K.L.:
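Dumping the structure here so I can ask a few things about it.
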Amino acid sequence: MALTGLYARRRRRNGIILTLSLVATFIGLGWLGLILGTLIWESFRSVSLQVFTEMTPPPGSAGGLLNPIVGSLIMTVLGVVIGTPLGILAGTYMAEYGRYSPVTKVVRFINDILLSAPSIIIGLFIYEVVVAPMGHFSGLAGSLALSVLVIPVVVRTTEDMLMLVPKELREASTALGMPRAKMIWDVCYRAARAGMITGVLLAIARVSGETAPLLFTALNNQFFSTNLNAPMSSLPAVIFQFALSPYADWQRLAWVGAMIITFAVLALSILARTLIAQRKQS
Amino acid sequence: MQADRGRAVADLVLTDTSTSSHQAWVSRAKALSRLQISDKAFFQLTRGAAIFVLVLLGAIIVSLIIGAVPALQKFGFGFLVSERWNPVTENFGALAPIYGTVVTSLIAMIIAVPLGLLITLFLTEICPTWLRSPIGIAIELLAGIPSIIYGIWGLFVFAPFLQRTLQPFLISVFGEIPVLSTLFAGPPYGIGVLTSGLILAIMVLPFITSISRDVFEAVPPMLKEAAYGLGFTTWEVVRYVVLPYARVGVIGGVMLGLGRALGETMAVTFVIGNAHKVSSSLLAPGTTISATIANEFTEAVGDIYTSSLIALGLLLFCITFIVLAIARYMLMRIERRIG
């Protein structure tokens, strides 16, 4: 009887924990649904074509988000264009040339730290080395801040993906007399291409929602501007400003901006995931 | 395509040897030296880029230290323990932001760690195989949502909700109990330390889940099967076999999440209320290091004010650096074990 009592207790405890785990999963999924649901609900009430064709309005009048959308695109593209080559080259060194060297170990560790370092610190850093010497905020500084965030993501995925390239491919091309640089360009990069593109997509997804590093590098701009040497508007910065304002139409625009960013970022990360999944199957 | 390129190199050599031998030798030597140069150049380029990553981190640290020197010289060690934050008299102390950062992160971890482990338990032990990957991806999408979205959602939806429901409930329940009544004292503002902690919990949840999922799945199935064979229940297998085996990795994941929570800026800035004071109540508004910087940096006038904010940044960087270094060390250990 005692034994069955103990067994019943163990079964009961097991049941409780398993139920709790089910509940926890529902909480996690529910939260995702709640956030996405609110975003869609709040923004579809006020989304219109105006959003994409007009400038940010002064409080109390109608307007759109054209200048922050363009600003965000410019800074993200420039940040990725600056950061990606550096990241790919560094990742190449770690996977191809210095796979077992102590330098690689240190760089890998430092890169992992950079990968999860608070982005506001990067903003402070760029402020110190770019904005302060130049004397004014600029779109260029914002792009540089974003590129510092891009580099570690690209380094990480490039290294991982090059590590997955079978060594037989390298041996075969070396046996054909290919110089090492040519082998890396024409064999390894080709074999790892899908994974490296995934890395870049993830990097874009990461930086396009970043606000903190832009606040005191690119600042914000009420007007349309593509001048990299002047303050530049960006979607996250505008959301920050408009959401905390007391004006209802500004808050509505903030919701619309939030939806644009979220769905752009989620689409990018889902695209990146399917690329990885395809790779695993093949 | 790869075969084509390979043949191109071979063709080069073949066509060269088919001309007169002297010419061939010369052009071959030229081609080789050209290849050698490009090879060396590419090597130096990649190595330079790798070194650049090191220099970048060094530059970040140095620039923060240089920026922080004026404030640290003026306030000395007192900067860390003073609660004053007065831009008018230029008197600054970091105690309130430090306190806010630690408390919000602590709340986040207290909620996110059990929740994350339970979700992992569900995903690895109970969930039907075909559902695993969709649910796993959905949870990880939580990490993909930009932090400003958590901020705007927290401010307009979550904080008013808490103000109406959870906070009055906490005040009425714990109002009579001696210690807890100070923790849950005061009017329900909606925004505040507790709200920030809860939002941070959702944000770090995917980090903890995805890493513990990886290490849970790396536990050798033989160990688990042996335990099931002895009559363990699912919970007992997880508690006595999986968790001890995966412990180091789980701790690594938790530290990684903690690093995120400590440095998270935008979500917290929206909902913490920006009050520079150390308050014993979790319902009161407070501030964190990152929220202070985000809110005040562009408005900071005067060298000491700016420098104090940069000193806060340096402090945050040191804290997260230590936490992330521990996380990486733990994860490296488990990777070595898994091989």
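The shown structure was predicted, so the numbers you read here are calculated from the model rather than taken from an experiment. Below, chains carry the letters A, B, ... as their sequence lines are ordered, and counting in each starts from 1.
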K.L.:
So which part of B:Leu256 gets closer than 4.5 Å to some heavy atom of chain A, the side chain, the backbone, both or neither?
P.N.:
side chain
K.L.:
Which label fits A:Tyr93 and B:Phe43: parallel for a plane angle under 30°, tilted from 30 to 60°, or perpendicular past 60°?
P.N.:
tilted
K.L.:
Could you look at B:Ile126 and say if it's the side chain, the backbone, both or neither that has a heavy atom under 4.5 Å from chain A?
P.N.:
side chain
K.L.:
Mind checking whether A:Thr211 and B:Thr269 have side chains closer than 4.5 Å, heavy atoms only?
P.N.:
no
K.L.:
So with a 6.0 Å cut-off around CZ of B:Arg47, is the heavy-atom count from everything else above 12?
P.N.:
no
K.L.:
Less than 4.5 Å apart, any side-chain heavy atom of A:Glu42 and any of B:Phe156?
P.N.:
no
K.L.:
Could you check whether the rings of B:Trp153 and A:Trp31 sit parallel, tilted or perpendicular, using 30° and 60° as the cut-offs?
P.N.:
perpendicular
K.L.:
Taking everything shown except B:Tyr329 itself, do over 12 heavy atoms lie less than 6.0 Å from its OH?
P.N.:
no
K.L.:
Should B:Phe42 and A:Leu89 count as side-chain neighbours, where that means a heavy-atom distance under 4.5 Å?
P.N.:
yes
K.L.:
Side chain, backbone, both or neither: which part of B:Ile149 has a non-hydrogen atom closer than 4.5 Å to chain A?
P.N.:
side chain
K.L.:
Can you sort out the partners of A:Glu128 under side-chain contact (heavy atoms from CB on, under 4.5 Å), two or more places apart, ordered by chain and number?
P.N.:
B:Ser63, B:Ile310
K.L.:
Could you tell me the separation between the CD1 atom of A:Ile121 and the CG atom of B:Leu316, rounded to the nearest 0.5 Å?
P.N.:
4.5 Å
K.L.:
Under 4.5 Å between any side-chain heavy atoms of A:Leu18 and B:Glu125, yes or no?
P.N.:
no
K.L.:
Roughly how far, to the nearest 0.5 Å, is the CE atom of B:Met266 from the OG atom of A:Ser119?
P.N.:
9.0 Å
K.L.:
Can you name the residues of residues 202-212 of chain B that have some heavy atom under 4.5 Å away from a heavy atom in chain A?
P.N.:
B:Ile202, B:Leu205
K.L.:
Any side-chain heavy atom of A:Leu114 within less than 4.5 Å of one from B:Ile60?
P.N.:
yes
K.L.:
Is the count of non-hydrogen atoms from other residues, nucleotides or ligands lying under 6.0 Å from A:Arg13 atom CZ greater than 12?
P.N.:
no
